[in-house]
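To start, the structure itself, in structure tokens.
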Amino acid sequence: SDEIDANLDATHRAAVAAMIRSQALSGTQFITTTFRPEFVNAGDRWFGVSHRNKISAVEAVKKEQALEFIHDEPVPQQPVEA
């Protein structure tokens with residue numbers, strides 16, 4: 001799922017991550033994308049995707065690398081409702 005946590009606050013992100021983690025422990029596989037630590041912390045495998053010359057490459061990374069990456073990235077801003 002693509003950034004399902006984007007519009008959630010930290011408490012709700014942690015709750016959704018815990019729900020996904022409990023489902024994964026029962027044998028279901030989940031693949032998510034995120035820029036938030038709550039989902040990274042709930043995972044058991046992490047992958048980095050890079051792009052060069054219009055070609056994507058995927059490589060396994062350590063949890064610490066994934067957390068470092070998201071802390072270096074600006075957090076996407078949510079639109080402000082009027």
Taken in chain and number order and not counting sequence neighbours, the residues that satisfy side chain to side chain contact (heavy atoms under 4.5 Å, CB included) with Phe30 are Ile20, Gln23, Ala24, Thr28

Got a second to check how far Glu38's CD is from Asp9's CG, nearest 0.5 Å?
9.0 Å

Find the distance between CG (Leu8) and CZ (Arg36) and round it off to the nearest 0.5 Å.
9.0 Å

With side chain to side chain contact (heavy atoms under 4.5 Å, CB included) as the test, would you mind laying out the steps for Ile4 and Thr34 before giving the verdict?
CA-CA 8 Å; Ile4 61 172; Thr34 189; over 6 Å; no

Is it the case that one hydrophobic cluster holds both Val49 and Phe47, taking links as side-chain heavy atoms less than 4.5 Å apart, direct or via other members?
yes

If you look only at pairs with a residue in residues 41-54, which of them pass as a salt bridge (Lys or Arg N to Asp or Glu O under 4.0 Å), with sequence neighbours excluded?
Arg21-Asp44

When rounded to the nearest 0.5 angstrom, what is the spacing between CZ in Phe39 and CG in Asp5?
4.5 Å

Under the side chain to side chain contact (heavy atoms under 4.5 Å, CB included) test, which residues partner Ala18, sequence neighbours left out?
none

Which residues satisfy the side chain to side chain contact (heavy atoms under 4.5 Å, CB included) test with Ala66, sequence neighbours excluded?
Val40, Trp46, Val61

